[in-house]
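Structure, as structure tokens:
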There are 2 protein chains.
Amino acid sequence: MLVGERRQKILEVVNSGRAVTVEELSRILDVSPSTVRRDLRFLQSKGLLYRTHGGAMPPVLSSYEPSLVEKESSMVEEKEAIGKYAASLIDEGDTVVIDAGTTTIHIVRNLMVNKAKIVTNFLKAALEVPHKPDIEVLLPGGNLRFSTQALVGPVAENFFEHIRVDKAFIGTNGITLEGFSTPNVLEAATKRAMVRCAEKVFVVSDSTKFGKESFIRFADIDEVDCIITDWHLPDEEVERYREAGLEVIRVKEGGTI
Amino acid sequence: MLVGERRQKILEVVNSGRAVTVEELSRILDVSPSTVRRDLRFLQSKGLLYRTHGGAMPPVLSSYEPSLVEKESSMVEEKEAIGKYAASLIDEGDTVVIDAGTTTIHIVRNLMVNKAKIVTNFLKAALEVPHKPDIEVLLPGGNLRFSTQALVGPVAENFFEHIRVDKAFIGTNGITLEGFSTPNVLEAATKRAMVRCAEKVFVVSDSTKFGKESFIRFADIDEVDCIITDWHLPDEEVERYREAGLEVIRVKEGGTI
DNA sequence: CCAAAAACGATCGTATATAATCAAAAGTAA
DNA sequence: TTACTTTTGATTATATACGATCGTTTTTGG
């Protein structure tokens, strides 16, 4: 069997959604474990699977932190509606920070203004900002996290500590009455810096994140001005956050309110 | 049998969906393995099949081979060879700067090391660095230029002024005995900062840039240690730059010297 | 926490595939 | 015919793939 053929078979097995062991692949493909390991290393370097001790699994299942591909596939309509509405809040000439995430990407895709300064630590977003003469895209420096395409670390934090912007749109993995949280320490630190550099802070998040608490808290409830979420969030939940002093906006399908 | 006819038959076999070996094709078509390899090489260069050690397979099956779709710009083979050779100059554990450009992208695609720190102002390159645990990708901040996907401006320059790296690989649009030049003012300033932060400076450029002078000069001839170019550059030209104190490396096709 | 077991990466010798080279053959044009 | 180019197959040095081994790291199960 040819090298490429074999690697293709490995991808078929792994991307069918299940995890597989080195020993198993070695048996199926009739090659030594060494060879299987070499192949897995190669495929991992291309980002096509995730290597774990003893075997491999699809990249989307790689950790408790869902990858971009997976997350983008769930709640897409809701996220798009949220992004569209959030984009409508950006005024001509504004300077705004846009966080990394599967919801925030829809903000830049729906940008309406002709003049603005967009600051983002999200490479995917930076590349999707509409090309207009008076729209400027600024990136902080930092370490690139492959899984989320976000720039993080001390360089990024330092950048945000030295700028002031009109509005920040932040994504999150968990929302409770205590605050907002995310699974990754580095990204949390960056989000914290972004929150602090903005005049007005918006959290954009679909309704499934409410009531969940992730690993690290990056903002207290009173550090955020407004939550933009979708139509599924129940009234009583909205009420609780309003009583805590936040503005809560539930967008309807299509991004209206 | 005519050449075109034979190649057509190869495509029929391969695009029927299965992988095929050189030996098998040699027998079917009744030509030598050398000829089969020549045909396969030709067909691969057209993106019509994917070559793997020992044979070939349809391009759709080789989802891990991205370079098939992008044969857009000129001097692709030369640039790839230059990039491959430049990549081989990066040692384990090095910290290197990689500039934006159509040649430099091939450096990251051919990275061989397992441990390195890659600093680049080129978003496309940052996203194509192989995912390995000890390879770190660092971006300077800055303004994003849409046309080149490069980060430029004062933020980027300031970043490079405050770091030191082992090697820098810089692209250029013009090379004369006076120095190196590029059309855009902002990018020139960034290149200048990159040149100054590196222990050893390599310029990577295909041979068509020699003798041309672009708008802004970003480095004098003595600020660069080595030029890596392709096999088309004539001997007398090489000699001129060597007399000026530069190392000039002409890579052969495939990235060897 | 520790120790046994499993999996790992690195390395090496062997086998195979490949590109580069060259000379012969076949085709082309004068 | 001759001079020239293209195509081909044989040759050879180089590159790549592979499995086995071994010392190290990670996981597991007390």
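Within 4.0 Å of Thr52(A), counting heavy atoms only, lie sugar-phosphate atoms of the nucleic acid but no base atom.
For Arg41(A), the side chain to side chain contact (heavy atoms under 4.5 Å, CB included) partners two or more places apart in sequence, or in a different chain, are Arg37(A). For Ala198(B), the side chain to side chain contact (heavy atoms under 4.5 Å, CB included) partners are Val165(B), Ala168(B), Val201(B), not counting sequence neighbours. Shown here are the side-chain hydrogen bond (donor to acceptor under 3.5 Å, both in side chains) partners of Glu247(B), two or more places apart in sequence or in another chain: there are none. Shown here are the side chain to side chain contact (heavy atoms under 4.5 Å, CB included) partners of Gln8(B), two or more places apart in sequence or in another chain: Glu12(B). For Met1(A), the side chain to side chain contact (heavy atoms under 4.5 Å, CB included) partners are Glu5(A), Arg6(A), Lys9(A), not counting sequence neighbours. Remark: Phe202(B) pairs with Phe169(B) by the ring pair (Phe, Tyr, Trp, His ring centres under 6.0 Å) rule, at least two apart or across chains. Listed by chain and number, the residues in a side-chain hydrogen bond (donor to acceptor under 3.5 Å, both in side chains) with Asp91(B) are Lys167(B) (sequence neighbours excluded).
Arg51(A) has a side-chain polar atom (N or O) that falls below the 4.0 Å cut-off from OP1 or OP2 of dC8(C). For dA7(C), neither phosphate oxygen OP1 nor OP2 lies less than 4.0 angstrom from any side-chain nitrogen or oxygen of Arg37(A).
Between the CG atom of Asn114(B) and the P atom of dC8(C) there is a distance of 16 Å, rounded to whole Å. A straight line from CG of Leu40(A) to C1' of dA7(C) spans 12 Å, rounded to a whole angstrom. In this entry the distance linking CD of Glu23(B) with P of dG9(D) reads 15 Å, nearest Å.
The pair Arg192(A)-Glu157(A) fails the salt-bridge criterion, with no side-chain N (NZ, NE, NH1 or NH2) lying under 4.0 Å from an Asp/Glu carboxylate O.
The bend of the helix from dC1(C)-dG30(D) to dA30(C)-dT1(D), defined by the angle between the axes of its first five and last five pairs, stands at 40° to the nearest 10°.
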- Item | Contact pattern, 5' to 3', of nucleotides 17-30 of chain D - B, S or - by protein heavy atom under 4.0 Å | SBBBB----SS---
